[in-house]
Amino acid sequence: MTTLAEQLKAFEGQQVGAPMVGPDEVNKPMIRHWCDAIGDDLAVYHDEEAAAASVHGGVIAPPTMLQAWVMFGFRRRLPEGPNRQGELMALLDQHGFTGVVATDCEQEYAREVRPGDRLTMTSVIESVSDEKRTALGPGHFLTSRMTYTDQDGELVGTQRWRILKFKPGQPPESQQTAARPPRPRPSLTADNAWWFDALRRHELRIQRCTACGTLRHPPRPVCDRCGSFEWDSVVADGRGSVFSFVVNHYPQVPAFDYPLPIGLIELHEGTRLVADLVGVEPAAIRIGLPVVVEFVDHDPELTLPAFRPVEP
Ligand code: ZN
């Protein structure tokens with residue numbers, strides 16, 4: 001009779017299953033759709049002439065498409081044969097670790113991927129952690145490592161992918177009894193602290209390039225349009241509309257109320273920002289809904305903008 005810990009450790013180093021071969025060669029239509037979807041206009045991904053004149057000598061695929069080339073769609077099946085990752089997930093499910101949340105992903109690129117390449121992905125279960133106490137409940141972190149090779153077996157990139165399999169509804173006792181924790185802090189840097197400082201004065205500011213006048217958000221050191229490092233900021237008038245939104249139900253993190261509506265707000269000045277939506281039922285939120293900013297003092301150190309529908 002082996003313990004769960006021993007059974008979990010036995011998965012480490014095991015190949016998940018048969019290698020997965022990309023259903024299509026790397027191709028320009030998929031590159032174009034990807035770039036359209038995320039708004040990437042870099043010429044080397046779509047402009048034959050510019051790409052030919054570049055150091056790449058021709059069109060290349062965005063490196064972050066790595067995983068896309070071998071993904072199986074809704075109707076494609078996994079390769080035949082055993083699937084060790086599936087067995088590992090089922091084992092954890094049986095022991096009550098039924099929740100799953102992705103925690104992080106790292107990609108490394110060995111070379112550019114080009115139209116005509118045909119990628120194959122091999123996945124190995126790299127590690128299964130001991131049981132950890134997390135804010136979501138007790139759980140195990142599963143790390144897998146995918147290796148992507150081309151039609152000649154040459155390495156093009158790797159991806160390390162980590163998930164947490166946890167027992168839902170069992171946050172640590174300290175969290176059940178403690179007072180509500182403060183809202184998580186933003187990651188402050190020399191480039192963005194001024195923006196949060198302005199919020200504490202109840203000003204919603206937008207960074208502006210002083211060389212070409214282009215507004216940008218989130219705050220960053222360089223103008224995307226002209227490359228200038230010179231900037232100032234303007235105060236937004238606080239009006240905008242819902243460009244997109246989600247209503248977050250799960251996983252639930254202390255310090256937030258659920259359901260939690262979060263909007264991608266397009267300000268009247270043209271930049272967008274992510275913020276809480278307040279004063280509105282989730283079912284009443286729609287794209288294009290006119291909203292206006294209000295400032296929420298979460299605690300003495302942290303003020304954040306939220307957006308409320310404009311009264312008709
Ligand atoms: Zn500029």
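Every value quoted in this text rests on a predicted model; they were computed, and no experiment measured them. As the structure lists them, so they are numbered: ligands from 1, and atoms in each ligand from 1.
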*Asks:* Hey, does the side chain of Glu108 reach the backbone of Gln159 with a donor-acceptor pair shorter than 3.5 angstrom?
*Replies:* no
*Asks:* Is it true that, when you exclude Arg84 itself, more than 12 heavy atoms of the residues, nucleotides or ligands shown sit nearer than 6.0 Å to its CZ?
*Replies:* yes
*Asks:* Listed by chain and number, what are the side chain to side chain donor-acceptor pair (under 3.5 Å) partners of Asp104, not counting sequence neighbours?
*Replies:* Arg162
*Asks:* With the Zn ion (ligand 1) as the centre, enumerate protein N/O/S atoms below 2.8 Å in chain and residue order.
*Replies:* Cys209 SG, Cys212 SG, Cys223 SG, Cys226 SG
*Asks:* Assert yes or no for the condition that the ring centre distance of Trp231 to Trp194 is strictly below 6.0 Å.
*Replies:* yes
*Asks:* The criterion is ring-ring contact (aromatic ring centres under 6.0 Å, His included); which residues satisfy it with Phe97, sequence neighbours excluded?
*Replies:* His140
*Asks:* Identify every side-chain donor-acceptor pair in residues 295-307 under 3.5 Å, counting partners at least two apart or on other chains, and give the distances.
*Replies:*
from, atom 1, to, atom 2, distance (Å)
Asp297, OD1, His202, NE2, 2.9
Asp297, OD1, Thr303, OG1, 2.6
Asp297, OD2, His202, NE2, 3.3
Asp299, OD1, Arg185, NH1, 3.3
Asp299, OD1, Glu301, N, 3.0
Asp299, OD1, Leu302, N, 3.0
Asp299, OD2, Arg185, NH2, 2.5

